[in-house]
Amino acid sequence: MDDEVKSESSTDSDRPAMKNLIDRARELAPTITVAAPRIEARRELTPEVMSALHDAGLFHMLLPRSLGGHELPPLTYVQAIEELAKADASTAWCVAQTSVASTICASLDHDAAREIFTSDPHALMAVGPPNASGKAVAAPGGYRISGTWQFASGSRHATWMAAHCPVFEPDGAPRLAANGMPAERTLIFPKSSAMMIDVWHVMGLKGTGSDSYSTTDLFVPEQRSMTAFGRNPAERRERGPLYKFTVFQLFGASFASISLGIARTTLDAFIEIAKSKTPAGAKYLLRDNAVIQSQIGLAQSQLVSARVFLHHALNEIWQGAQGGDITIEQRMQLRMASSHASHQAKQVVDTAYHAAGGTAIFEGNPFERRFRDIHTVSQQVQSHFSVFEAIGQHYVGLPLHPRLI
């Protein structure tokens, strides 16, 4: 197509810049760590953290180069996300959610993509999952959308919102896609056109500000829409290997890396306590307890192996994307690795939290907030056991569940 944009694959010359983005995330850790209590209290990122993230270019890690982004390989991207999560999970979650949302612009009209992401250097897009209340009614030049959507992480800092909707004809009849299934579109509109609903009063990831939003009969022009989630290859205008990944694959790897970052910091904090804490009624340090020693050894093994599996799966699927095709087996490996990492990380945090004893329950220590955060991460769909069910179905020869895999 005439407006197709050709994105380059990563080369050796890109590697210093890629590493630099991981370093930038790591260097921001002290600033984010200091701000974390205020982030949680405000239920949104602080202005200084937002400014630092923008200055470091961390919101543009997955944005196409044609729009001024970094277009990073997923493995580099998740390592930067993990570094942010070590400091504060809510910050990492906001960066991850808005970064993955930006990848749908690869299937968007390029003039519309430029309008959204280059007219304002601080432009961000937030999006919630599909909701049964949403619908788009075809209208001349576009669609009129109504509905309410939830879990729009990062929406308090967003400038644009996206909504996934089934499409209806003007007479109310559902529009069908070529495969006979209901047609669905993702539609993008200014945040100022939506009604934001403050619902984010939760136990963990409080700083993500994952509010709900609604529209009533809002007109969205055709050029700011695409097949839902940008999953129609015929619409894709960006041809780099990154944009062969689905948003579900990128979200899964993102959330897994956030879990690994939370677990890494929690376990490291417990190890430091074990070196100096004498339990009540005991005459020895925690580190001298054989049970504690074995728990630390097992937790280290769980965390390192889960991380290695995730990075291996990302490397394998990236090679497939660069070579032209991502195989079913590569998709399966990534889904296994992502879900497995989230579950292993939760177990590591639970082990450290319990072993720390009464120390862990007080606010302001390295455990209490991270315990709540990891248990909030584990509640989202990418960690549900239904994912493992879909994996098992594949291996016993049953039909593939395309959305989960």
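Atoms considered below: every heavy atom in the structure, side chains included; atoms not considered: hydrogens, waters and symmetry mates. Nothing here was measured: the structure is a model prediction, and the numbers come from that model. Here, residue 1 is the first one in the sequence, and each next residue gets the next number.
- In this structure the side chain of Asn232 never reaches within 4.5 angstrom of the side chain of Met226, judged on heavy atoms.
- Residue pairs meeting the ring-ring contact (aromatic ring centres under 6.0 Å, His included) criterion with at least one partner in residues 24-66, sequence neighbours excluded, are His54-Phe59, His54-His122.
- The pair Glu238-Arg65 does not count as a salt bridge, with every side-chain nitrogen at least 4.0 angstrom from each carboxylate oxygen.
- The stretch residues 268-280 participates, sequence neighbours left out, in these side chain to side chain donor-acceptor pair (under 3.5 Å) pairs: Arg264-Asp268, Glu272-Lys275, Lys277-Thr359.
- Applying the ring-ring contact (aromatic ring centres under 6.0 Å, His included) test to pairs two or more places apart or on separate chains, those with a residue in residues 345-365 are Tyr353-Phe371.
- The shortest side-chain heavy-atom distance between Thr351 and Val348 does not fall under the 4.5 Å cut-off.
- What you find for Glu169 and Arg175 is that their closest heavy atoms are OE2-NE, 2.9 Å.
- With sequence neighbours excluded, the residues forming a side-chain hydrogen bond (donor to acceptor under 3.5 Å, both in side chains) with Glu40 are Arg372, listed by chain and number.
- In this structure, Ser212 contributes its side chain and Gln150 its backbone to no donor-acceptor pair below 3.5 Å.
- The residues Arg224 and Glu115 are annotated as salt-bridged, a charged nitrogen and a carboxylate oxygen being separated by less than 4.0 angstrom.
- Residues that satisfy the side-chain hydrogen bond (donor to acceptor under 3.5 Å, both in side chains) test with Ser133, not counting sequence neighbours, are Asn131.
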Verify side-chain contact (heavy atoms from CB on, under 4.5 Å) between Met203 and His375, making sure each step is shown before the conclusion. CA-CA 9 Å; Met203 66 168 278; His375 280 269; 4.2 Å; yes
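- Ser305 places a side-chain N or O within 3.5 Å of a backbone atom of Ser301 that can act as its donor or acceptor partner.
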Less than 3.5 Å apart, which donor and acceptor atoms pair up between the side chains of residues 98-107 and the rest of the protein, not counting sequence neighbours?
| unit_1 | atom_1 | unit_2 | atom_2 | d |
| --- | --- | --- | --- | --- |
| Thr98 | OG1 | Cys94 | O | 2.8 |
| Thr98 | OG1 | Val95 | O | 3.4 |
| Ser99 | OG | Val95 | O | 2.6 |
| Ser102 | OG | Ser99 | O | 2.5 |
| Thr103 | OG1 | Val100 | O | 2.6 |
| Ser107 | OG | Gly230 | O | 3.3 |

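- No side-chain heavy atom of Ser257 sits less than 4.5 Å from a side-chain heavy atom of Ser254.
- Side chain of Trp149 to main chain of His164: a donor-acceptor pair is present (N/O by atom type, distance under 3.5 Å, no hydrogens or angles).
- Taking OG of Ser210 as the reference point, atom CD of Glu44 lies at 12.0 Å (rounded to 0.5 Å).
- Legend: ring-ring contact (aromatic ring centres under 6.0 Å, His included) pairs involving residues 175-203, not counting sequence neighbours: none detected.
- Within the 4.5 Å cutoff, the side chain of Trp318 has no heavy atoms near those of the Gln330 side chain.
- Of all heavy-atom pairs between Pro233 and Arg239, the closest is O-NH1, 3.8 Å.
- Using modelled atom types, one side-chain atom of His384 and one backbone atom of Gln379 make a donor-acceptor pair closer than 3.5 Å.
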Go through the steps for Thr227 and Glu235 under the test side-chain hydrogen bond (donor to acceptor under 3.5 Å, both in side chains), then give the verdict. CA-CA 8 Å; Thr227 301; Glu235 292 180 346; 2.9 Å; yes
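- At distances below 3.5 Å, not a single donor-acceptor pair connects side-chain atoms of Asp211 with backbone N or O atoms of Met196.
- The pair Arg43-Asp198 meets the salt-bridge criterion, with a side-chain N (NZ, NE, NH1 or NH2) lying under 4.0 Å from an Asp/Glu carboxylate O.
- In this structure, Lys191 contributes its side chain and Met161 its backbone to no donor-acceptor pair below 3.5 Å.
- For the pair Arg114 (side chain) and Ser119 (backbone), a donor-acceptor distance under 3.5 Å is absent.
- Between Leu176 and Met181, every side-chain heavy-atom pair lies at or beyond the 4.5 Å cut-off.
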Could you go through residues 214-223 and list every donor-acceptor pair under 3.5 Å that involves a side-chain atom there, pairing it with any protein atom two or more places apart or in another chain?
| unit_1 | atom_1 | unit_2 | atom_2 | d |
| --- | --- | --- | --- | --- |
| Thr215 | OG1 | Ile145 | O | 3.1 |
| Glu222 | OE1 | Tyr143 | OH | 3.1 |
| Glu222 | OE2 | Arg185 | NH2 | 3.0 |

Verify side-chain contact (heavy atoms from CB on, under 4.5 Å) between Arg287 and Ile292, making sure each step is shown before the conclusion. CA-CA 6 Å; Arg287 70 176 184 184; Ile292 295 298; 5.9 Å; no
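- Note on residues 265-316: no pairs pass ring-ring contact (aromatic ring centres under 6.0 Å, His included), not counting sequence neighbours.
- A distance-only check finds a donor-acceptor pair linking the side chain of Gln249 to the backbone of Thr246 [under 3.5 Å].
- Judged as a side-chain hydrogen bond (donor to acceptor under 3.5 Å, both in side chains), and not counting sequence neighbours, Gln295 has no contacts.
- In terms of the ring pair (Phe, Tyr, Trp, His ring centres under 6.0 Å) criterion, Tyr77 has no residue partners (sequence neighbours excluded).
- Proximity of a side-chain donor or acceptor of Glu368 to a complementary backbone N or O of Gly364 within less than 3.5 Å is not detected.
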Quick one, Leu303 with Gln344, criterion side-chain contact (heavy atoms from CB on, under 4.5 Å). Give me CA distance, side-chain angles, the key distance, then yes/no. CA-CA 7 Å; Leu303 196 52; Gln344 292 297 298; over 6 Å; no
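- Checked against the 6.0 Å centroid threshold, Phe255 and Trp93 count as a close aromatic pair.
- The nearest pair of heavy atoms linking Val377 to Leu205 is CG2-CD1, 3.9 Å.
- Among residues two or more places apart in sequence or in another chain, the side-chain hydrogen bond (donor to acceptor under 3.5 Å, both in side chains) test is passed with Arg369 by Asp88.
- A donor-acceptor pair under 3.5 Å is absent between the side-chain atoms of Thr159 and the main chain of Ala123, judged by distance alone.
- Under a 4.0 Å N-O distance rule, the pair Arg24/Glu27 does not qualify as a salt bridge.
- Heavy atoms of other residues, nucleotides or ligands lying less than 6.0 angstrom from NZ of Lys135 number 12 at most.
- The pair Arg26-Asp23 counts as a salt bridge, with a side-chain nitrogen and a carboxylate oxygen less than 4.0 angstrom apart.
- Closest heavy-atom contact between Ala256 and Ala341: CB-CB, 3.9 Å.
- Nearest heavy-atom pair, Pro74 versus Leu314, reported as atom, atom and distance to 0.1 Å: CB-CD2, 3.9 Å.
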Assess the residue pair Glu316 and Gln333 against the criterion (side-chain hydrogen bond (donor to acceptor under 3.5 Å, both in side chains)); give the C-alpha distance rounded to whole Å, side-chain angles, the decisive distance to 0.1 Å, and a yes or no. CA-CA 9 Å; Glu316 290 288 309; Gln333 289 283 326; over 6 Å; no
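- The side-chain heavy atoms of Leu398 and His394, taken from C-beta on, include no pair separated by under 4.5 Å.
- A heavy-atom distance below 4.5 Å is not found between the side chains of Val34 and Pro30.
- For the pair His157 and Leu124, the tightest heavy-atom approach, listed with the atom from each and the gap, is O-CD1, 3.7 Å.
- With ring centers used as reference points, Phe248 lies 6.0 Å or more from Phe251.
- Using a 4.5 Å heavy-atom threshold, the side chains of Pro129 and Phe151 count as touching.
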